[in-house]
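What follows is a set of notes on a single structure, which appears directly below.
Residue numbers begin at 1 in each chain, while the letters A, B, ... track the order of the sequences.
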Protein chains: 2
Amino acid sequence: MMGEDKFDTSPEWVDGETKALEAPGDHRAELRLWLRLLTCSTLVESEIRRRLREEFDSTLPRFDLMAQLERAPDGMVLGEVSKRMMVSPGNITVLVERLTESGHISRTTLPTDRRVQVIALTPFGRAEFEKMAATHADWISELFAGVSPQDSSVLMDELAKLKRSIIAALARNS
Amino acid sequence: MMGEDKFDTSPEWVDGETKALEAPGDHRAELRLWLRLLTCSTLVESEIRRRLREEFDSTLPRFDLMAQLERAPDGMVLGEVSKRMMVSPGNITVLVERLTESGHISRTTLPTDRRVQVIALTPFGRAEFEKMAATHADWISELFAGVSPQDSSVLMDELAKLKRSIIAALARNS
DNA sequence: CCAAACAATTTTAAGCTTGAAATTTCTCCC
DNA sequence: GGGAGAAATTTCAAGCTTAAAATTGTTTGG
């Protein structure tokens, strides 16, 4: 899905008022937008992964899981973690195993329903996470440094619209 | 890295002219922006992956590799494919094996430099890709349907700024 | 010429990810 | 009470991804 430059040499089809003149099924503009979005997110994501590994010997999924738990001092049910992280339940199982082994999180079976596993940050895990989170925020800030507060605000709004569009489309299709 | 909603209940820190009053090291705005961007791209990406699997029994990496080759009628060197797709070289090796087995691409060792492998779409691979690409474009169009051409244009510009910011930061750090 | 450096690719080991099937536990209704 | 079905989680098989080491081939300076 990479390779935004794939389209960089095609003619600009954007003239603002010829929408009606576009060939039917011409989706160049949306494709270009999607590829640019994907490029941005891939660049940031792979840099963050690299730094987490180098500076903390950790990974993005582990960081994300701990980030979820930080907001839930009383712990969280596995299924809830899975939904919030938008990953499959089987995925969580493996992550939780490793993070439990390394002492970052604790897991408890709910006494009232023995199907349910609750996980929470240990004090050690919380301390480690706080260090990572502060550095992580600095990294993002550094990568986004060239975007002015005004642009940032516009981007937030426009991405909100895009998010609504995506969610609406997904809802229609189900 | 998921969980944009993680911040949805925090107070809005954005008032447009109090940047100077923010606590030092306060990167909430950038983090929120990054999480929103990531949410959008994850939603689209996982939907596209799902559909590629269901409708074409294919995967995103395979589609991307073929998309690169479509633009190179004379084929492309493996290293070039790896760079364009922004994935590691070892990754390409595996993808190329599968796509060669399934008859979608051909591979040739360059006679003048036997280290170099050139891959290209076969006629079958090209035909298959064209079907997939047309449908893929429709999917993206559908997911982005709620974004007006004006918004789309603004997003393109703002994402271009963000992309420059990221690339500049990466360049500084190397 | 030829050894050292370099380049392209593959291999390896480890981890992430998914969907589907299996397992365990609970709930609810007859 | 007991069994059907639902819910939470785990297991499984397959594929993707990476960094680092290894392999193979080429170039180049002495």
Exercise. Among D/dC16, D/dT10, C/dT9, which nucleotide sits nearest the side chain of B/Pro89?
Worked result: C/dT9

Exercise. Does a nitrogen or oxygen in the side chain of A/Arg49 sit under 4.0 Å from OP1 or OP2 of D/dT18?
Worked result: no

Problem set entry | Separation of A/Ser46 OG from B/Met86 CE (nearest 0.5 Å) | 7.5 Å

Exercise. Quick one: is D/dT18 close enough that its OP1 or OP2 comes under 4.0 Å of any side-chain N or O from A/Arg50?
Worked result: no

For this session: May I ask you to say what A/Gly79 touches in the nucleic acid, namely base, sugar-phosphate or nothing, with a heavy-atom cut-off under 4.0 Å?
Result: sugar-phosphate

Exercise. Nearest to the side chain of A/Arg98 - C/dC16, D/dT9, D/dG15?
Worked result: C/dC16

For this session: Would you please confirm or rule out a distance under 4.0 Å between OP1 or OP2 of C/dT11 and any side-chain N or O of B/Thr93?
Result: no

For this session: Check each residue of residues 106-115 of chain A for a non-hydrogen atom within less than 4.0 Å of any atom in DNA chain C, then write out the ones that pass by number, or none.
Result: A/Asp113, A/Arg114, A/Arg115

For this session: Output the single nucleotide from C/dG19, C/dC16, D/dT18 whose closest atom is nearest the side chain of A/Thr59.
Result: C/dC16

For this session: Might you point out which heavy atoms bring A/Ala120 and A/Gly75 nearest each other, and give the distance in Å?
Result: CB-CA, 3.7 Å

Exercise. Does the side chain of B/Arg62 get closer than 4.0 angstrom to OP1 or OP2 of D/dC16 through an N or O atom?
Worked result: yes

Exercise. Is B/Val77 touching bases, backbone alone, or none of the nucleic acid, heavy atoms closer than 4.0 Å?
Worked result: sugar-phosphate

Problem set entry | Nucleotide nearest B/Asn91 (side chain, heavy atoms from C-beta), chosen from D/dA19, D/dT10, D/dC16 | D/dC16

Exercise. Between the side chain of A/Thr109 and the main-chain N/O of A/Gln117, is any donor-acceptor distance below 3.5 Å?
Worked result: no

For this session: Look at the aromatic rings of B/Phe63 and B/Phe129 and report parallel, tilted or perpendicular, splitting at 30° and 60°.
Result: tilted

